[in-house]
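Here the structure comes first, spelled out in structure tokens, and everything after it is commentary.
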Amino acid sequence: MTAENILVCVAWPYANGDLHVGHVAGAYLPADIFARYQRLKGNRVVMVSGSDAHGTPIVVRADKEGKTPREVFEYFHSRFLETQQLLGISYDLFTHTDTENHHAIGQQMFRRLLANEYLFKATQKQLYSETQGKFLPDRLVEGTCPICGYDKARGDQCDNCGNLLDGTQLINPRSRNNPDDKLTVRESEHYFFDLPALREPVLAYLADKDGYWRPTVLEFSRRYAEEMEARAFTRDLTWGIPIPVQGAEGKCIYVWYEALLGYLSATVEWAKITGQPDAWKEFWYQPDNVRIYNFIGKDNILFHTVLWQAVLIGMQRLGEPWDGLDDSPQNRGPKFNLPYDVPANQYLNLGGQKFSKSLGVSLDAIDLAQKYGADPLRFYLSLIMPETKDSDWSWTDFAQRNNSELLAKWGNLIQRTLSQIWRNFEGRIPQPGELTGADQAIIARAEAAFNSVGEKLNAVRLRDALNEVLELATATNQYLDFEAPWKAIKTDRARAGTQLYVAARVIDSLTVLFAPFTPGLSEKARAQLGYTDPLFGEQYIETLQERGRSHDVLRYDASRAKGEWKPSRLTPGQPLGGEPKGLVSKIEVN
RNA sequence: GGUGACGUAGCUCAGUCGGUAGAGCAGGGGACUCAUAAGCCCUUGGUCACAGGUUCAAGUCCUGUCGUCACCA
């Protein structure tokens, strides 16, 4: 079997607030579970993401705090690095959108779409502050809602009736930050993305996704693609990627499009820093043996199933070289690989309410990971992962699932087995005698799990996959209870040794089966079984230098990783890694 | 407002092409004791949001109502 190239693209967190567990359950954790599985399977995995540094909300926050936008985003970017390292989200590269690499590719995207005539100029009416001498983003304007009459409606949306607005619709508009500003309506010239011109290829792309895309994602995307109209591609804003057109000062690429482009630019950056500058093409240009996945939340679906495809298709139409990125003759007019699957998750709520910092409804991932450790958090979030519909975080459920399943079912299985081996067999894996039917059955079941669990993981049915692994742990507990080696040891030491060997061998397989979900726990269990090689590589934060600036990134070093998605071949006589100790702690919540 | 979804046991969720509901956890009972009083066996819970309709038969299809969510200038 030849290894596949798997590109795992993860939603880019917006750098104006800490990550909460909803973000983790929605995108980062599923992506990591999937990536870890594919690595164990022996595929060539690259997992990329980064902080989304640009856009209005960061500018707003910076103004409010008297900082520069860069200072604001760099603070949260470094928090993201720390949080995700702690959680074990194993990015090959987690970078950000304020790099020179990303800016250069962003401008190339613009030029290429312009040259291909998918961008056209049109004017848009927008509120202009005569006092400040600049256009005001809709969200920075408030006034009376033309629909419900609420007098504090924002320019982009009315909080009272929920309707989306345009700033120019507001009655008596005023600046939210400077109420004394004199506002007028001015026309601003912008570039629009000609989505109708790309409708056919996008629909063709969506046409063969039945059967493996989540139905809600597919249906929603098709509807939108059928009726989509041209959308603004640029914004009046200085914090972003300036559009490479003369006389267009103060205009940037709409942050959404350049954030999407991050999947490509981050792969390019990854290739560069790993000393194989062309390697990104093996994921983006070679159509065979590649699967690109985009892990996102449901609020991002259209961007990742329609608009991003439109950008990629729009860029690939011309045969001319794409600036410095690719000008080799055989790649003239390269076609980009489009995402193979976009397994969008629904939302994780908190007590039925959605996460909202401003309403005090939030659980910061970094706090929970520090307090309880990554594995209990990853385990619970995997169990309640909102794959099919919104789900709910519950503190009592979190504690109960940890205590009764992760600890009592799985952790205790390791402990009860290894402590008997430690005490009765000099701390070495016993030599098995002849295997009974029951022995063979449980071993066969563990071996079969690698196929069935693997299929579920490969199809991104992660909750299902974890439940099946838990069933195997239950079956192993049943095996032990039925065989009762603690009785056999008194009358037939050899038989007890066989029973414990069988249990330990299944546990050895279980450490691999659980590994994508709770990698830290699996590493510890593996060490207790006496292995000295880790299953996975190591994450590290590194500072990279470009010509003008440096930036911090999260990376993954797989050089020591020895894990394989294969059944255990546990060696009799292998010494355990010391006296077994409980690996999972109880969680008490009141 | 428009578009697309969701509403199943105390909790988290499954329910494929329609045939009078399932799992795990929690709760109750039991036998054991290797284990972080964990594990194992047995077991109580549901007018499948509500109201109509189609059908021999609907959680499963259709309509409406209520509630929740996402997206859309």
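Letters A, B, ... mirror the listed sequences (proteins, then strands); counts begin at 1.
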Review point. Looking only at side chains, do Asn467(A) and Arg461(A) share a donor and an acceptor under 3.5 Å apart?
Key: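 Side-chain D/A pair, Asn467(A) to Arg461(A): absent.
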**Study point:** Side chains of Asn477(A) and Thr474(A), donor plus acceptor under 3.5 Å
**Key:**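 Result is no, nothing qualifies.
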Exercise for review: Run the ring-centre check on Tyr380(A) versus Phe398(A) and record whether the distance is less than 6.0 Å.
Suggested key: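 Yes.
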Check your understanding: Near RNA chain B, which residues from residues 509-531 of chain A have a heavy atom under 4.0 Å away?
Key ->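 Heavy-atom cutoff 4.0 Å gives no residues at all.
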**Study point:** Syn or anti for rG45(B) (syn when the glycosidic angle lies within 90° of 0)
**Key:**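 Syn conformation here, the glycosidic angle of rG45(B) being no more than 90° from 0.
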For the pair [X] (side chain) and [Y] (backbone), establish whether a donor and an acceptor sit closer than 3.5 Å, ignoring hydrogens and angles.
| X | Y | result |
| --- | --- | --- |
| Tyr205(A) | Pro339(A) | yes |
| Gln420(A) | Arg416(A) | yes |
| Asp439(A) | Thr436(A) | yes |

Taking only the [atom1] atom of each, what is the distance from [N] to [M] in whole angstrom?
| N | M | atom1 | value |
| --- | --- | --- | --- |
| rU8(B) | rA58(B) | C1' | 14 Å |
| rC32(B) | rA26(B) | C1' | 23 Å |
| rG24(B) | rC61(B) | P | 27 Å |
| rU3(B) | rU16(B) | P | 27 Å |
| rC71(B) | rC62(B) | C1' | 26 Å |
| rG28(B) | rU36(B) | C1' | 24 Å |
| rA51(B) | rG45(B) | P | 23 Å |
| rA57(B) | rG53(B) | P | 12 Å |

Review point. When you match Asn477(A) and Lys298(A) each to their closest nucleotide on RNA chain B, which lands nearer the 5' end?
Key: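 Result of the comparison: Asn477(A).
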Point to revise | Closest-nucleotide ordering on RNA chain B, the 5'-leading residue of Gly582(A) and Ser404(A) | key: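 Residue closer to the 5' terminus by nearest nucleotide: Ser404(A).
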Starting from [atom2] on [N], measure out to [atom1] on [X] and report it in whole angstrom.
| X | N | atom1 | atom2 | value |
| --- | --- | --- | --- | --- |
| Arg463(A) | rG15(B) | CZ | C1' | 12 Å |
| Asn467(A) | rG15(B) | CG | C1' | 14 Å |
| Glu471(A) | rC25(B) | CD | P | 11 Å |
| Leu413(A) | rG39(B) | CG | P | 11 Å |
| Asn403(A) | rG24(B) | CG | C1' | 15 Å |
| Ile301(A) | rC72(B) | CD1 | C1' | 13 Å |
| Gln478(A) | rG24(B) | CD | P | 10 Å |
| Asn349(A) | rA70(B) | CG | C1' | 11 Å |

Reckon [X] touches a base, only the sugar-phosphate, or nothing at all at heavy-atom distances under 4.0 Å?
| X | result |
| --- | --- |
| Glu227(A) | nothing |
| Lys409(A) | sugar-phosphate |
| Leu500(A) | nothing |
| Leu302(A) | sugar-phosphate |

Answer yes or no: is there a side-chain heavy-atom contact under 4.5 Å between [X] and [Y]?
| X | Y | result |
| --- | --- | --- |
| Leu570(A) | Tyr531(A) | yes |
| Leu206(A) | Trp213(A) | yes |
| Lys298(A) | Ile301(A) | yes |
| Lys251(A) | Ser188(A) | yes |

[N] pairs with, by Watson-Crick or G-U criteria that keep both distances under 3.5 Å:
| N | result |
| --- | --- |
| rA23(B) | rU12(B) |
| rA51(B) | rU63(B) |
| rG2(B) | rC71(B) |
| rC34(B) | none |

Please list, pair by pair, any protein nitrogen or oxygen found under 3.5 Å from a nitrogen or oxygen in nucleotides 5-12 of chain B.
unit_1	atom_1	unit_2	atom_2	d
rG7(B)	OP1	Lys389(A)	NZ	3.3

Point to revise | Summary of protein contacts for nucleotides 30-35 of chain B, nucleotide by nucleotide, where a base hit scores B, a sugar-phosphate-only hit scores S (4.0 Å, heavy atoms) | key: ---SBB
Any idea how [X] and [Y] line up, ring-wise: parallel (<30°), tilted (30 to 60°), or perpendicular (>60°)?
| X | Y | result |
| --- | --- | --- |
| His304(A) | Trp256(A) | perpendicular |
| Phe34(A) | Tyr293(A) | tilted |
| Tyr28(A) | His23(A) | tilted |

Review point. So does Arg223(A) get a side-chain nitrogen or oxygen closer than 4.0 Å to the phosphate oxygens (OP1/OP2) of rG4(B)?
Key: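 Yes, Arg223(A) has a side-chain N/O under 4.0 Å of OP1/OP2 on rG4(B).
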Exercise for review: Tell me, please, whether Phe425(A) has Arg493(A) positioned over its six-membered ring: NZ or CZ under 6.0 Å from the ring centre and within 45 degrees of its axis?
Suggested key: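 That pair qualifies as a cation-pi contact.
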